[in-house]
Q: 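Sharing a structure with you now.
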There are 2 protein chains.
Amino acid sequence: MSKNVPASSVPTRDRLLDAFEELLVEGGERSATLDAVAAAAAVSKGGLLYHFSSKGALIEGMLARLDALAKEDAENIRTAPAGPVDYLIRTSVHTGSPLDRAYIAGSRLAQGRDPRAMQVLGDIRRRWLSVIEDAVHDPDTAEAIMLISDGLYVNSSLAEHELAPQEHTAESMTRLITLIGRILPQT
Amino acid sequence: MSKNVPASSVPTRDRLLDAFEELLVEGGERSATLDAVAAAAAVSKGGLLYHFSSKGALIEGMLARLDALAKEDAENIRTAPAGPVDYLIRTSVHTGSPLDRAYIAGSRLAQGRDPRAMQVLGDIRRRWLSVIEDAVHDPDTAEAIMLISDGLYVNSSLAEHELAPQEHTAESMTRLITLIGRILPQT
DNA sequence: TTTACTGTACCGGCTGGACGGTATAGTTGT
DNA sequence: ACAACTATACCGTCCAGCCGGTACAGTAAA
C-alpha cells in the first residue's frame, strides 16, 4: 500500500502542482477535480487539502509558480545569445518545459474566465512584449512578433495531441525567423 | 394567422444555439450548463431537450452552424476587394459577428479538450490557410500571416472583457498590415 | 360540425452521480 | 512529540438526463 518509491524526492506540494497542471493540460478545466489531482499525485484527498486548503489555494499556488517561472524566462529572453526574438519564437512551440506546461495550464483557467489566471497571463505577456520592444526599438514590430508568438502557442496547444494544422519543425522555425527579419526596422 | 409572440421571430432552436454560444463566450465551458442555456433562451429545460436530446447534440448543433459560417467566410476572404490578407487580418479582431461568437465558443470547447470542437477548428484553420496560400504564393509567408491572425484572435478573446494587453484599433491594424506587406514575396 | 386522434412544441419536477469541502481517527518517519 | 500524511465517511450543491404532463394545430371519418 505504501509508496516508498524514491520518486518522492520531489516534495508532495510540487507533485500536487505538477499533477494539477498535467490534468488541466490534458483534460481541460473540468477534469482537474480535487479527487483527480490527489489521485494523479498519489496522495490522498486529505493530503492534498493539507497543503492547499481549497481549490482556490491550489489555483493560486499554481499561478504563483507560473509567475516565478515566467520571470526567469523573461531574463532568459533578454540575455539570449541568438537574440531575444530568436529565443522567444523558438520557445513559443511547446517543448514540454515546466514553463510551457504551467503556461498552458494557466491558459485553461483563463479560458474558464478565472480572473486571477487572466491577470497573471496578462502580466506575463506584457513582460515579454516589453523585452521585445527593448530589442527591436519599434512598438508595432514588437507587437507583430508577439502576435506570431501567441499564434505559435495556440497552435502548439491544439497540435499537442494529434491533428496539427502544420508541423512546426526546427527548419520551419528558422524560415519563420528569417521572415520576421524582414519586418525589423532597417539598421 | 399570426404568431402571438412577435418578439421571437427567431426559431427556438437558433435561440438555444445563440444562448449556448453566449454562455461559452462570457463564462467559459463550466457556466454553459443545460439549465443556464435554457434560461438564457427563455425556454424550459424540457424544451431545450426537445430540440437537442443531449448536451452532445447541442454541441454538435453549435459546431455545425460554426462550420457553415466559416465556409461562407472563406469565400468572403477569397473574394475580398482589399485582398485576402487585409480581410483576414482585419476580421481577426472580434467584431461581435455571428462567426466571431461561434468561433470563440468553439475555442472554449476545444480548450476543454472536446475532440469534435478540435476537429472543426482544425478544418477551419486549414481552409483559411489554404486561401492565404493561394493569395501569397508562399507557404511560409502564408503560415506567418495565419499565426498573426491566430495571435489576434487569442488576444482579442482575452481583451474582450477588460484588461487588454494592447488595444487593437483601426489605425494599429493598418500599421500591422503594412508591416505584413514587408514579408510578402517581391513581385 | 362534432368527435377522435396524431404530431409538434414545450413545461417543470425528479433522480442519481459528481464535485468541493469538512471532519475525524489512525499511521509513519524524525 | 510533532509534522506529514492516509483512509473513510459525510454534507450541500450542482448538473445531465429522464419522464409525465400540457397546449394546440391539423386531419379525417361520422
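Just so we're clear, the structure is a prediction, and the values are computed from it rather than from any experiment. Chain identifiers are assigned alphabetically (A, B, ...) following the order of the sequence lines, protein sequences preceding nucleic acid strands; residue numbering begins at 1 within each chain.
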Q: Do any pairs count as a salt bridge (charged side-chain N to carboxylate O under 4.0 Å, His left out) and have a residue in residues 115-124 of chain B, sequence neighbours left out, and if so which ones?
A: Glu60(B)-Arg116(B), Asp114(B)-Arg116(B), Asp123(B)-Arg126(B)
Q: Test: ring pair (Phe, Tyr, Trp, His ring centres under 6.0 Å). Region: residues 37-64 of chain A. Which pairs qualify, not counting sequence neighbours?
A: none
Q: Which ring pair (Phe, Tyr, Trp, His ring centres under 6.0 Å) pairs, counting each pair once, include a residue from residues 115-147 of chain A, with sequence neighbours left out?
A: Tyr103(A)-Trp128(A)
Q: Mark up nucleotides 16-23 of chain C, 5' to 3', with B wherever a protein heavy atom is under 4.0 angstrom from a base atom, S wherever such an atom reaches only the sugar-phosphate, and - elsewhere.
A: ---SBBB-
Q: With sequence neighbours left out, write down each residue that passes salt bridge (Lys or Arg N to Asp or Glu O under 4.0 Å) with Arg101(B), or none if nothing qualifies.
A: Asp18(B), Glu21(B), Glu22(B)
Q: Tyr50(A) has a side chain; which of dT6(D), dA3(D), dC10(C) sits nearest to it?
A: dA3(D)
Q: Counting only side-chain nitrogens and oxygens, does Thr12(A) get under 4.0 Å of the OP1 or OP2 atom of dA4(D)?
A: no
Q: In whole angstrom, give the distance that lies between atom CG of Leu58(B) and atom P of dG17(D).
A: 10 Å
Q: Going by ring pair (Phe, Tyr, Trp, His ring centres under 6.0 Å), name the pairs with one or both residues in residues 54-83 of chain A, residues two or more places apart or in two chains.
A: none
Q: Going by atom types alone, do Tyr153(A) and Asp100(A) pair a side-chain donor with an acceptor below 3.5 Å?
A: yes
Q: Does His51(B) make a side-chain N or O approach to OP1 or OP2 of dT8(C) shorter than 4.0 Å?
A: no
Q: Rounded to the nearest Å, what distance is computed from the CZ atom of residue Arg13(A) to the P atom of nucleotide dA4(D)?
A: 12 Å
